[in-house]
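Okay, so here's the structure we're looking at.
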Amino acid sequence: MRVIGTAGHVDHGKSTLVRALSGIDPDRLQEEKKRGMTIDLGFAWIELPVPTADGQSQLEPVGIVDVPGHIDFIKNMLAGVGGIDAAMLIIAADEGVMPQTREHLAILDLLAVPAGLVALTKVDLIDDPEWLELVELDIAELLEPTNLADAPIVPVSAITGKGLIDLRATLSSLLGQLAPRRNRVRPRLPVDRVFSLSGFGTIVTGTLLDGQVAVGDAVEILPARHSARIRGLQTHKQQVQEGQPGSRLAINLSGIDINQIDRGDVVAKPDTLHSTLLIDVNFRLLSDAPRALLHNQRVDFFCGAAEIPATVRLLGTESLEPGQEGWLQLRLQRPAVVVSGDHYILRQPSPSATLGGGIVLSPHPR
């Protein structure tokens with residue numbers, strides 16, 4: 001199963017496009033509807049024909065995580081893009097590339113999201129073909145130094161429906177080219193939402209990584225190591241008995257209260273994962289970072305759905321200049337649950353800005 005994530009500047013039409021594709025309104029909060037702006041993560045799904053190994057195709061449900069584009073909600077955006085298979089970078093044709101377009105693209109690049117496309121929205125507002133051509137050239141230049149270089153650009157209008165068929169076909173093609181999700185038989189689900197329902201109790205949602213879970217399984221909630229049991233599973237509002245790697249899941253947990261779980265916690269099988277306060281990482285400082293990264297600098301660490309204050313310990317140097325790569329040890333203020341190979345982001349707390357990111361090398365260094 002696959003998951004797509006949106007990205008892009010505020011008011012460029014991310015939620016409107018998701019609604020046009022899926023028929024589901026991802027803005028679930030009253031404040032979002034009142035302000036006409038996504039504040040927290042939204043979720044939807046569509047069915048797409050995905051190519052199979054025998055050259056045929058079959059309809060598969062594909063999850064969609066819709067993220068906020070406003071600069072004030074970048075932290076919520078980061079909680080949603082950690083487990084996606086492909087990105088839809090949304091750029092409005094009437095405005096073109098904007099500040100959060102650049103920051104969201106930098107985050108997708110640092111997280112090494114394996115595939116993506118650009119949905120050039122609001123083309124119904126543009127009468128001049130030359131303007132659209134200039135915007136597309138600007139987008140291509142922006143993508144060139146990133147892992148989304150040569151990503152297809154699909155002009156669409158969520159209002160008139162223009163381009164939606166092409167967008168679906170392009171998404172199907174992208175997802176069909178991806179390798180299957182790895183199953184390391186060590187399931188973990190970073191929690192991106194916690195809520196309760198009358199008659200059901202505690203429910204958490206997230207993208208299942210590295211393994212499978214089933215109804216009746218004993219689990220623990222890390223890092224606090226609270227014990228629980230899976231009472232029920234849903235994917236795209238359908239009851240299932242087993243969750244597959246890469247699927248969006250809602251897990252009904254018994255034996256635990258909603259107040260014992262927070263966004264960023266991890267649901268895992270007992271005794272398979274351990275939290276840490278110290279992490280060795282590879283790091284790349286963005287070329288347009290506001291300043292050099294210094295030894296003992298305070299940062300915010302984002303991995304999975306977690307956000308944790310941390311202190312940087314540079315290895316072998318006293319500073320990293322914008323555009324440079326190096327080795328860091330991160331000392332976290334609260335325990336994190338990560339594994340080798342996880343991608344992460346570092347941000348400057350104040351003024352808020354994305355600094356860079358990289359890969360976790362050792363989650364339990366000496």
Side-chain angles (χ1 to χ4, degrees), residues 1-3 63 79-85 111-112 179-194 201-235 240-258 260-282 301-308 310 329-344 358-366:
M1 302 183 75
R2 300 296 186 181
V3 180
V81 296
I84 64 174
D85 298 289
L111 294 176
R181 282 266 190 168
R182 292 180 63 182
N183 186 347
R184 301 177 184 177
V185 200
R186 188 175 56 180
R188 56 186 174 124
L189 182 137
V191 175
D192 54 36
R193 188 179 173 211
V194 188
T202 301
I203 297 172
V204 299
T205 70
T207 301
L208 182 63
L209 309 175
D210 297 348
Q212 298 164 303
V213 293
V215 174
D217 282 352
V219 294
E220 59 182 3
I221 314 303
L222 300 167
R225 306 199 82 92
H226 295 304
S227 296
R229 189 169 295 278
I230 297 179
R231 181 182 179 185
L233 291 170
Q234 279 194 6
T235 183
V240 294
Q241 290 300 305
E242 188 175 68
Q244 301 299 321
S247 58
R248 286 288 310 172
L249 283 182
I251 304 180
N252 183 196
L253 295 171
S254 62
I256 190 166
D257 189 79
I258 185 174
Q260 295 176 284
I261 309 176
D262 295 306
R263 172 180 282 182
D265 287 351
V266 174
V267 180
K269 293 288 185 70
D271 300 319
T272 58
L273 294 171
H274 302 279
S275 62
T276 182
L277 288 168
L278 205 61
I279 305 172
D280 283 350
V281 300
N282 164 263
F301 169 80
F302 294 84
C303 189
E307 171 197 348
I308 302 173
Q329 190 169 83
L330 299 174
R331 182 171 290 278
L332 308 176
Q333 289 188 18
R334 297 193 307 273
V337 181
V338 297
V339 303
S340 298
D342 280 355
H343 288 81
Y344 71 93
I359 298 173
V360 173
L361 301 177
S362 174
H364 303 283
R366 295 186 179 184

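It should be emphasised that the depicted structure is a prediction, and the values quoted were computed from it without experimental measurement.
- In this view, Q260 satisfies the side chain to side chain donor-acceptor pair (under 3.5 Å) rule with no residue, not counting sequence neighbours.
- Atom CD in E242 sits 10.5 Å away from atom CG in L249 (nearest 0.5 Å).
- Partners of Q234 according to the side chain to side chain donor-acceptor pair (under 3.5 Å) rule, which considers only residues two or more places apart in sequence or in another chain, do not exist here.
- The shortest heavy-atom contact between V213 and K269 is CG1-CE, 4.4 Å.
- Taking the side chain as every heavy atom from C-beta outward, V204 and I221 never approach each other to under 4.5 Å.
- Residues V191 and V267 have side chains in contact (heavy-atom distance under 4.5 Å, counting atoms from C-beta outward).
- Side-chain atoms of T205 and D192 form a donor-acceptor pair, as typed in the model, at a separation below 3.5 Å.
- By the side-chain contact (heavy atoms from CB on, under 4.5 Å) test, A224 is found to be paired with H226, residues two or more places apart in sequence or in another chain being considered.
- Between P335 and P223, the closest heavy-atom pair is CB-CB, 3.7 Å.
- Judged as a salt bridge (Lys or Arg N to Asp or Glu O under 4.0 Å), and not counting sequence neighbours, R193 has no contacts.
- What you find for G232 and V215 is that their closest heavy atoms are CA-CG2, 4.2 Å.
- If you take NE2 on H364 and CG on D280, they are separated by 11.5 Å, rounding to the nearest 0.5 Å.
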> Would R186 and V339 count as a side-chain contact (heavy atoms from CB on, under 4.5 Å) if you check the C-alpha gap in whole Å, the side-chain angles of each, and the deciding distance to 0.1 Å?
Replying inline: CA-CA 11 Å; R186 188 175 56 180; V339 303; 3.6 Å; yes

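- Here L233 contributes atom CG and Q241 contributes atom CD; the two are 7.5 Å apart, rounded to the nearest 0.5 Å.
- Separating the CG atom in D217 from the CZ atom in R231 is a distance of 16.0 Å, to the nearest 0.5 Å.
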>> With side-chain contact (heavy atoms from CB on, under 4.5 Å) as the criterion, how do Y344 and V281 come out once you've worked through the C-alpha distance, each side chain's angles and the decisive distance to 0.1 Å?
In response: CA-CA 9 Å; Y344 71 93; V281 300; 3.1 Å; yes

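- The shortest side-chain heavy-atom distance between I279 and F301 falls under the 4.5 Å cut-off.
- Under the side-chain contact (heavy atoms from CB on, under 4.5 Å) criterion, S340 pairs with P363, not counting sequence neighbours.
- For R2, the side chain to side chain donor-acceptor pair (under 3.5 Å) partners at least two apart in sequence or on another chain are D85.
- With sequence neighbours left out, F302 forms a ring-ring contact (aromatic ring centres under 6.0 Å, His included) with no residue at all.
- Under the rule for a side-chain contact (heavy atoms from CB on, under 4.5 Å), the partners of I359 that lie at least two apart in sequence or sit in another chain are H343.
- In this structure, V219 and P270 approach most closely via the heavy-atom pair CA-CD, 3.9 Å.
- Applying the side chain to side chain donor-acceptor pair (under 3.5 Å) test to D265 and every residue at least two apart in sequence or in another chain returns nothing.
- For the side-chain contact (heavy atoms from CB on, under 4.5 Å) test, no residue two or more places apart in sequence or in another chain qualifies with S227.
- The structure places CD1 of I256 at 7.0 Å from OG1 of T202, a figure rounded to the nearest 0.5 Å.
- With sequence neighbours left out, R188 forms a salt bridge (Lys or Arg N to Asp or Glu O under 4.0 Å) with D210, D342.
- Side-chain contact check for S275 versus L222: every heavy-atom pair is 4.5 Å or farther apart.
- Atom CD1 of I203 sits about 10.5 Å away from atom CD1 of I261, to the nearest 0.5 Å.
- By the salt bridge (Lys or Arg N to Asp or Glu O under 4.0 Å) test, R225 pairs with E220, D271, sequence neighbours left out.
- Closest approach of C303 to V338, counting heavy atoms only: SG-CG1, 3.7 Å.
- Closest heavy-atom contact between A310 and L332: CB-CD2, 3.6 Å.
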